[in-house]
Structure formats: structure tokens, C-alpha cells
Colleague: 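This is the structure, below, for whatever I ask next.
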Amino acid sequence: MCERIRVLFLDRDGTINKDLGTYVASREDFVLIERADEAIASARAAGFRIVIITNQAGIARGIVTPGQVEDVNLYLNELLAQKETFFDRCYYCPSHPKYPHPEYDRFIDCRKPSPRMVEKAIEDFRAEGLEVDLGGSFFIGDKMIDVECGQRAGLRPILVRTGHNEEAICLEHGVLPEHVADDLYQAVAGYILPSASR
Ligand SMILES: [Mg+2]
């Protein structure tokens, strides 16, 4: 018998940390968006698992290394520890269709808006006896690809106005999130938690 869990799937750059217009290669490049840590802490306190789903094509482009991406993620968990919280795991896609790479091309199908990384996370939870409740789980990001990825994975997509803020682009393409929030904190505290308790 599987335990059912709800998951907050989060884009990273532009959603949790400020999008500085370049790939995040070091801890110095990683600056939390205001109250993003509090948002993660309150979602976890409400029972959500936290999974990060991020495109990191800087790897295929030779701008960042997998080790740097992982060190930045470690740093994020160090920052979250200050709020007595953490994220469970991070899935990142190193590939980019315009930058072929012998080592990373096999991951190209994972790149958002593909739902493949979310599906992998769900499979990994299942292997641990945990069944993700899709209808009670969300995908939050700042780009249209995040909304589309959430939709394709059967999750409830939320767009945030931080980072690239692609609200207008989503409208233009008819890729409509369930909700648009000013930032991650507002998405969690102002929308998800009130609607989850209803
Ligand atoms: Mg982003």
C-alpha cells in the first residue's frame, strides 16, 4: 500500500533565486528571491514534498559544470536550513538542442517543457513506496515552459511574476496557468495553502 504525498515542483532560476541574466555558476550568483525560503518552509510544514525541476543548458554549452550546479543546490539547502527546512531533490536537464554535446544529448528529451523530469521524480517516489497525488500537486515557475511542463505532467501549474515573468507570453499562446502570483511566497501563502485547507 502506497502512501500518498503532495509535491510542490519548483523551477529554480527566476522562481526561487533571482534571475541575473546569466547561468548560475557559483554560490555568489545565487541570490534568493525575497521570502522564497519562507514559502518552501511553509509548504513543507503543510505536508508538501519539495522537488526542483530545472533546465541547466549551461552545462551543454560549457558555461557551468554539473559539479557547480550541484554545489549551488547544496548551498540552497544550506540557506533553507536557516529556516529549518530543505528541498527533497533536484532534477536538472543539461542539454540544449542548439548546443549538441556527445555526453548530454541523450538527456534532450528531459528539457522543459517536456514533463520527463517530473515523471522521473514520480517514478523515484514510487520506488520508495510514495504515490504522488497529481491533483493535489503543483508546478510553479516563471516561464511558459514551466506552465506547459506542469500541464503535461498532470499537475496544477502556477506562474510567478518574478524572473522572466512570462504572463503576457502565456496569454498570447493560450498556455494558461491555474493561477498567477507575484512571487513564490504569494503562490504558496496566498493561493496554495488557503485552497488546500478549504
Ligand atoms: Mg526560471
Side-chain angles (χ1 to χ4, degrees), residues 7-40 43 50-61 63-64 66 68-73 75-77 79-80 87-99 104 107-108 110-118 120-121 137-153 155-173 175-188 191-192:
V7 181
L8 220 53
F9 291 93
L10 300 176
D11 166 52
R12 197 188 76 180
D13 305 331
T15 299
I16 297 172
N17 55 294
K18 293 185 180 170
D19 194 317
L20 304 174
T22 54
Y23 288 101
V24 178
S26 70
R27 294 175 173 228
E28 290 70 40
D29 299 335
F30 190 90
V31 182
L32 278 180
I33 290 172
E34 269 176 48
R35 304 186 83 178
D37 48 357
E38 279 180 58
I40 290 171
I50 310 293
V51 173
I52 297 171
I53 303 285
T54 176
N55 285 348
Q56 293 294 331
I59 296 174
R61 297 179 66 175
I63 298 169
V64 294
Q68 285 173 318
V69 169
E70 278 158 28
D71 184 59
V72 166
N73 289 345
Y75 178 54
L76 170 57
N77 256 342
L79 294 175
L80 292 176
F87 68 86
D88 293 271
R89 53 187 78 155
C90 172
Y91 296 82
Y92 59 89
C93 177
S95 320
H96 193 291
K98 286 189 191 151
Y99 299 89
Y104 302 123
F107 299 113
I108 196 68
C110 294
R111 184 173 166 79
K112 291 183 288 185
S114 159
R116 189 68 199 98
M117 290 191 281
V118 173
K120 176 77 170 75
S137 296
F138 295 82
F139 195 110
I140 308 178
D142 66 311
K143 287 187 176 178
M144 184 169 76
I145 55 168
D146 295 308
V147 175
E148 198 184 330
C149 173
Q151 286 174 341
R152 288 170 64 181
L155 303 165
R156 298 169 65 180
I158 296 180
L159 184 76
V160 284
R161 297 192 180 100
T162 49
H164 285 254
N165 180 9
E166 294 193 344
E167 192 176 2
I169 296 174
C170 285
L171 261 180
E172 199 182 306
H173 290 82
V175 177
L176 302 179
E178 173 178 318
H179 181 72
V180 183
D182 282 345
D183 56 22
L184 181 57
Y185 183 80
Q186 286 302 328
V188 172
Y191 185 74
I192 292 176

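Just the heavy atoms: all of them, side chains too, but no hydrogens, waters or symmetry mates, feed the values below. Every number for a ligand or one of its atoms is a count from 1 in the order of the listing.
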Colleague: Check whether any side-chain N or O of D146 sits under 3.5 Å from a backbone N or O of I140 as a donor-acceptor pair, and report yes or no.
Modeller: no
Colleague: Once salt bridge (Lys or Arg N to Asp or Glu O under 4.0 Å) is applied, what residue pairs with a partner in residues 9-24 remain, sequence neighbours excluded?
Modeller: D11-K112
Colleague: Apply side chain to side chain contact (heavy atoms under 4.5 Å, CB included) to A153 and list each qualifying residue two or more places apart in sequence or on a separate chain.
Modeller: P115, V118, L155
Colleague: Parallel, tilted or perpendicular, judged at 30° and 60°: which one describes the rings of Y191 and F138?
Modeller: perpendicular
Colleague: Under 3.5 Å, side chain of H96 to main-chain N/O of K98, donor-acceptor pair present?
Modeller: yes
Colleague: Everything protein-side that's N, O or S and under 2.8 Å from the Mg ion (ligand 1): list it, residue and atom.
Modeller: D11 OD2, D13 O, D142 OD1
Colleague: Quick one: side chain to side chain contact (heavy atoms under 4.5 Å, CB included) partners of R27, sequence neighbours excluded?
Modeller: D71, L74, Y75, E78
